[in-house]
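Counting convention: from 1, in listed order, for ligands and their atoms alike.
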Amino acid sequence: MHIVSFSRLQLFRQCPYRYYLRYVKKLPEPPSEPLELGKAVHTAIELTYHGTPRGEAVDRAVRNAALPVSAAEVAALVRNADIVPGVGEVEAEFMLRLDQGMWLYGLVDWIVMKDDGTAVVTDWKTNRVEEDVLVTHQLDLYAAAAFRVFGARRVVTRYVFVRTGNVHEKTYDAPPEEALDWAKETAAEIIERGEAEEHFRPNHGLWCRYCPFAMQCYALWGRI
Ligand code: SF4
């Protein structure tokens, strides 16, 4: 059985060599400030959902971060997350069948099922560049899971950008086939490449500046 996630598929599409180092060789990626900030914000929102007062939730989330993050910044970002304590489910896990023996694992930040069968799927983002997020298939795939795993008859997805408070909504009346095809094809390509390093070539781009494996990559491949 092959299990993939949206982030794995997306990383493979962006740079196969980074994917190889992270998921085939299983090299740990060191914590980074943006990653730890994002985790702290999500932890604080989840604690708030479970009834912890916001100030205390932020303090606990910041204390648990692997790198120092600003409590004031986390508090400001959490304030823009429109969570309603106790309503729906946060960190809702799913396994969506993509093909025979191929599954997509995911974790929905917040899902609320309404009486009319509509699922409202929310993902909180701490990204500074909203366009980079909006062009991906993440919430299309989560919408497919809402139909097929959570039993929704209609789905509304929402990216909530907590830096600006901007909300991008999209409505679906059926699972988005284009996104499912993208996931299936990408997963099949990963499986086909096997585990040999030479099958995962680097793909240089703006994202290299945030890559923890850059030195290793340049030493082996140089700039190509
Ligand atoms: S430095 Fe760039 S090309 Fe090399 S592994 Fe990292 S993301 Fe890929």
What do you reckon, are the aromatic ring centroids of H204 and Y17 less than 6.0 Å apart?
no
Would you say the ring centers of Y142 and F94 fall short of 6.0 Å from each other?
yes
Residues forming a side-chain contact (heavy atoms from CB on, under 4.5 Å) with R13, sequence neighbours excluded:
W182, T186, E189
Taking CD in E177 as the centre, count heavy atoms belonging to other residues, nucleotides or ligands within less than 6.0 Å. Is the count above 12?
yes
Here the pair of heavy atoms bringing A57 nearest to A44 is CB-O, 3.6 Å
For ligand 1, which atoms have a heavy atom of W207 less than 4.0 angstrom away?
7 (S)
Anything protein N/O/S under 2.8 Å from atom 4 (Fe) of ligand 1? Just list residue and atom, please.
C217 SG
Suppose we call two aromatic rings close when their centres sit under 6.0 Å apart. Are H168 and F161 close by that rule?
yes
